[in-house]
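Okay, so here's the structure we're looking at.
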Amino acid sequence: MEQYIMALDQGTTSSRAIVFDKMGNMISNAQKPFTQYFPQSGWVEHDAKEIWASQISTLTESLAKANISASQIAAIGITNQRETTILWDRESGEPIANAIVWQDHRTADYCEVLKKTHTEMIHNKTGLMIDAYFSATKIKWLLDNIPNARKRASEGKICFGTIDTWLVYNLTGGKEHITDVSNASRTMLYNIHTLQWDKELLELFEIPASILPEVKSSSEVYGYATTRWVDKQIPIAGIAGDQQAALFGQMCIEKGMIKNTYGTGCFLLMNTGNTPVLSKNNLLTTIAWKIQDEVTYAIEGGVFVGGAAIQWLRDGARMIRTSADINTLAATVTDNGGVYFVPALTGLGAPYWDQYARGAFYGISRGTTDGHIARAVLEGIAFQVYDIVKEMEKDLGSTCVEIRVDGGASASDYLMQIQSDIFGFNIVRPKIIETTALGAAYLAGLAVGFYTSIQEIKSQWHIERLFSPKLDKSKTDEMLHYWHKAVKSSLHWLS
C-alpha cells in the first residue's frame, strides 16, 4: 500500500491540508478560508475554534480527494502562521478570547515604553526587536484584560500556544501541549542560546511559566491524531513556523542561502548555520529548525504587507476582481508613471520597525491610471524586499547572488522580474511553490523514516523559472531613489 505525507498549513487567512507523495508531488489539496475580525483600528483577531474547525475539515477533505485512507499517511507535518496568540482553558479546551493575530498592534504603545529600557537585553536573549508583532505582549494583554485570566493562569488553569500548539492539542485530544523551537523563538520569551523559556523575560512580562508549552525539536513524533478525527491514528511528526518551513522546503540548507515567501506578508530568511548571528541592522535572529540535536539559525526580515497589498487593491480599493487580475492591469502600462506605493498598511517591519507608519501613494498626477497604481503596488512589495536583503548582506559581510522564491504572489511574473531587475541578480522560482507545506511534510517524513536523509530530499528540488535582470542599473537606481523618498515621508506618520 503506497504511503504519503500530509501537511497541515494553517495560514493567516485560510487553513489547508495537502497530501504529498514521496517525490514531493501534490496529490490532493483542500483549503478553507476563515473570518478575519477587526474590532478596533490596528486590532486583528481570529476565532481559534473556527481555525480548528477549518483545519480538521481540510484534513478529511484532502484524504477524500486523494481517495486514500488515514493508514496510508505516514505522518503529519504542521506549519502555521507564527506569533498569533491563543489562551485556552486547560480542562475544557475552550479559548478564553479570540486569538490575537501577528498583525495586531494593540500593544504598540507598551512596546515603545519597553524599548527605552529593555531593547538590548531582549535582543541579546531572543534575537528579536521589541515589537507588538511577537507573542509576549499579546499574552500579557490577554492576561491583563480578560476577566480572571491572570488569576486562572497563576493557578495553572490556562494554556498558551501559537497556532501549531493549538492544532496539536486538539488533534491529540488534549494530550499534548507542545511547540517546536522555531515557533518558540518567535514569542520574545525564548532564549535562543540556552534553548529554554527565559525566566527574566517571563518576569518582565508577568507571564506564569505554567501556561507555556514544552519545546520540542522540529522533526520528531510528538503524538498521534486521535481516531475521533481519522479512522487510524496518524503520527504528528514535524512542526515549523511557516517561514522556517519554507526555508527548509526550498532546501536552503547551506549557510548564506536565502528564500523569500510572498504571502500575506513577505518574509526573507537567510540560513546562518549552527551559530546565531545577532543583526546590527534591525533584522531578526531566529531558530530555523532543530533536527535531532543540531540547531540551524537564520536571519530574518519581515515585510508585514506583501500579498495583503494586492488583497487591499481587490477588497478595499476594488480596482481588481481577483488577485491575479493585478498582473493584467499592470500590463496595461509600460512603467509606473512616476507613482510609488509604500505598503505600510499595518506599519513597516524590517529594517524600519515603525509601528506608526502608514501606507501612501506618491507621484500621482492627472495622467495616473489604474495600471500605474497596480504597478506601484507590485513594485512596492519588491522594494521592501530589496531593503531587507541589503541589510542581510551587511550582517553576513557577503553579497547575495540569488533568492529562491515561493508563496502565492511569486506566481506574478512581473513582480519576480522587477525583483530581479532592482537586485541585479537571479530570482529562482521552483517547480513546487507550495514550499511552506512541503517543508513541514519533509520534516515529518524525516522523523518517521519516510525519507532517509536531507540529501535524499534535496534531489527533489527543481527550478520552474529563472528571472534574470533586464533593466539598466541607472533606471533601477532612479526607482530606488524615489522609493526611499516615499518611505521617508511615511515613517512616523502617526507618532
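Being a predicted model, the structure only gives us computed values, none of them experimental.
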**Study point:** Other residues, nucleotides, ligands: >12 heavy atoms within 6.0 Å of K199 NZ
**Key:** no
Point to revise | Heavy-atom closest contact (A288 atom, A298 atom, distance) | key: CB-CB, 4.2 Å
Practice item. Please confirm whether the backbone N or O of S468 pairs with a side-chain atom of Q417, one donor and one acceptor, at under 3.5 Å? Key: yes
Review point. Would a distance-only check, ignoring hydrogens and angles, find a side-chain to backbone donor-acceptor pair under 3.5 Å from E393 to C400?
Key: yes
Review point. Do T261 and K259 have side-chain atoms, one donor and one acceptor, less than 3.5 Å apart?
Key: yes
**Study point:** From M416 atom CE to L378 atom CG, the distance as rounded to the nearest 0.5 Å
**Key:** 9.0 Å
Point to revise | Mutual orientation of the aromatic rings belonging to H46 and F34 [parallel < 30°, tilted 30-60°, perpendicular > 60°] | key: perpendicular
Check your understanding: Is there a donor in the side chain of S182 and an acceptor in the side chain of W289, or the other way round, less than 3.5 Å apart?
Key -> no
Exercise for review: Scan side-chain atoms only and decide if H105 and D131 contain a donor-acceptor pair under the 3.5 Å cut-off.
Suggested key: no
**Study point:** Heavy-atom side-chain contact between V342 and F383 under 4.5 Å
**Key:** no
Exercise for review: Determine whether the side chains of S71 and S69 contain a donor N or O and an acceptor N or O closer than 3.5 Å.
Suggested key: yes
**Study point:** Gap separating the OG1 atom of T79 from the CG atom of N183, nearest 0.5 angstrom
**Key:** 7.5 Å
Review point. How about E214 and Y222: does a side-chain donor come under 3.5 Å of a side-chain acceptor?
Key: no
**Study point:** Separation of K65 NZ from I68 CD1 (nearest 0.5 Å)
**Key:** 13.0 Å
Review point. If you draw the axis of the six-membered ring of F267, does the NZ or CZ of R82 fall within 45° of it and under 6.0 Å from the ring centre?
Key: yes
Point to revise | Audit row: Y4, F20, ring-ring contact (aromatic ring centres under 6.0 Å, His included) steps and yes/no | key: CA-CA 6 Å; Y4 303 91; F20 295 100; over 10 Å; no
Practice item. Establish, for the pair K22 and F450, whether the NZ or CZ atom is under 6.0 angstrom from the six-membered ring centre and no further than 45 degrees off its axis. Key: yes
Review point. Do R186 and T162 have side-chain N/O donor and acceptor atoms under 3.5 Å apart?
Key: no
Check your understanding: Can you tell me if NZ on K140 sees more than 12 non-hydrogen neighbours from other groups inside 6.0 Å?
Key -> yes
Practice item. Rounded to the nearest 0.5 Å, what's the gap from CD on Q244 to SG on C252? Could you check? Key: 13.0 Å
Check your understanding: Taking the six-membered ring for Trp, is the centroid-to-centroid distance between W166 and W52 below 6.0 Å?
Key -> no
Check your understanding: Would Y414 and Q419 count as having a side-chain donor-acceptor pair, cut-off 3.5 Å?
Key -> no
Exercise for review: Would you confirm whether Y297, through its side chain, and I192, through its main-chain N or O, come within 3.5 Å as a donor-acceptor pair?
Suggested key: yes
Check your understanding: Do I18 and S28 touch side chain to side chain, with heavy atoms closer than 4.5 Å?
Key -> no
Check your understanding: Does D421 use its side chain to pair, donor to acceptor, with the backbone of K470 at less than 3.5 Å?
Key -> yes
Exercise for review: Could you tell me whether the side chain of E456 and the main chain of T452 form a donor-acceptor pair under 3.5 Å?
Suggested key: yes
Review point. Do L189 and I207 have side-chain heavy atoms sitting under 4.5 Å apart?
Key: yes
Practice item. Please confirm whether the backbone N or O of L195 pairs with a side-chain atom of N191, one donor and one acceptor, at under 3.5 Å? Key: no
Review point. Would you say K32 has more than 12 foreign heavy atoms packed within less than 6.0 Å of its NZ?
Key: no
Exercise for review: Measure the spacing between CZ of R16 and CG of L59 and express it to the nearest 0.5 Å.
Suggested key: 14.0 Å
Check your understanding: So, are E254 and K458 salt-bridged, with charged N and O less than 4.0 Å apart?
Key -> yes
Review point. Between the main-chain N or O of H123 and the side-chain N or O of H118, is there a donor-acceptor pair closer than 3.5 Å?
Key: no
Exercise for review: Report, as yes or no, whether the 6.0 Å neighbourhood of atom CD on Q36 holds more than 12 heavy atoms from other residues, nucleotides or ligands.
Suggested key: yes
Review point. With a 3.5 Å cut-off and no angle check, do the side chains of Y133 and Q103 form a donor-acceptor pair?
Key: no
Practice item. Enter the distance from T126:OG1 to H193:NE2 here, rounded to the nearest 0.5 Å. Key: 8.0 Å
Check your understanding: Are any non-hydrogen side-chain atoms of V215 and Y190 less than 4.5 angstrom apart?
Key -> yes
Review point. What pair of heavy atoms forms the shortest contact from T285 to L128, and how long is it?
Key: O-CD2, 3.9 Å
Practice item. Kindly indicate whether the side chain of I236, heavy atoms from C-beta on, has any atom under 4.5 Å from the side chain of T172. Key: yes
Practice item. I would like to know whether D413 and R429 meet salt bridge (Lys or Arg N to Asp or Glu O under 4.0 Å); could you show each step before the answer? Key: CA-CA 10 Å; D413 289 350; R429 188 167 66 198; 3.0 Å; yes
Revision key, fill the gap. Minimal heavy-atom distance between V405 and P430, with the atoms involved, is O-CD, 2.9 Å
Check your understanding: When you measure from the centre of the six-membered ring of W461, is the NZ or CZ of R404 under 6.0 Å away and within 45° of the axis?
Key -> yes
**Study point:** Close side-chain approach of L443 to I239, heavy-atom, < 4.5 Å
**Key:** no
Exercise for review: Before accepting this row, confirm whether a basic side-chain N of the pair K216/D180 lies closer than 4.0 Å to the acidic partner's carboxylate O.
Suggested key: no
Point to revise | Donor-acceptor pair, side chain of Q384 and main chain of A344, under 3.5 angstrom | key: no
Exercise for review: Would you kindly say whether S135 and E83 are connected by a side-chain donor-acceptor distance under 3.5 Å?
Suggested key: no
**Study point:** Output field: ring centroids W483/Y386 closer than 6.0 Å
**Key:** no
Exercise for review: Check whether more than 12 heavy atoms from other residues, nucleotides or ligands sit under 6.0 Å from atom CG of N67, and answer yes or no.
Suggested key: no
Exercise for review: May I ask you to test the T84-I100 pair for a side-chain heavy-atom distance under 4.5 Å?
Suggested key: no
Review point. If only atom types and distance count, is the side chain of T165 paired as donor or acceptor with the main-chain N or O of I178 below 3.5 Å?
Key: yes
Review point. Do T286 and S185 have a side chain donor and acceptor closer than 3.5 Å?
Key: yes
Exercise for review: Would you tell me whether D242 and Q81 have side-chain atoms, one donor and one acceptor, within less than 3.5 Å of each other?
Suggested key: no
Study note, to complete from the structure: A447 and A237 have their tightest heavy-atom pair at CB-O, 3.4 Å
Check your understanding: Is it true that the side chains of E61 and T58 contain a donor and an acceptor less than 3.5 Å apart?
Key -> no
Review point. Can you check whether A409's main-chain N or O pairs, donor with acceptor, with S412's side chain at less than 3.5 Å?
Key: no
Check your understanding: Do the non-hydrogen side-chain atoms of I122 and L204 ever get within less than 4.5 Å of each other?
Key -> yes
Check your understanding: Is the number of heavy atoms from other residues, nucleotides or ligands within 6.0 Å of CZ (F423) greater than 12?
Key -> yes
Practice item. Over all heavy atoms of both residues, which pair between A17 and L8 is shortest? Give the atoms and the distance, please. Key: CB-CD2, 3.8 Å
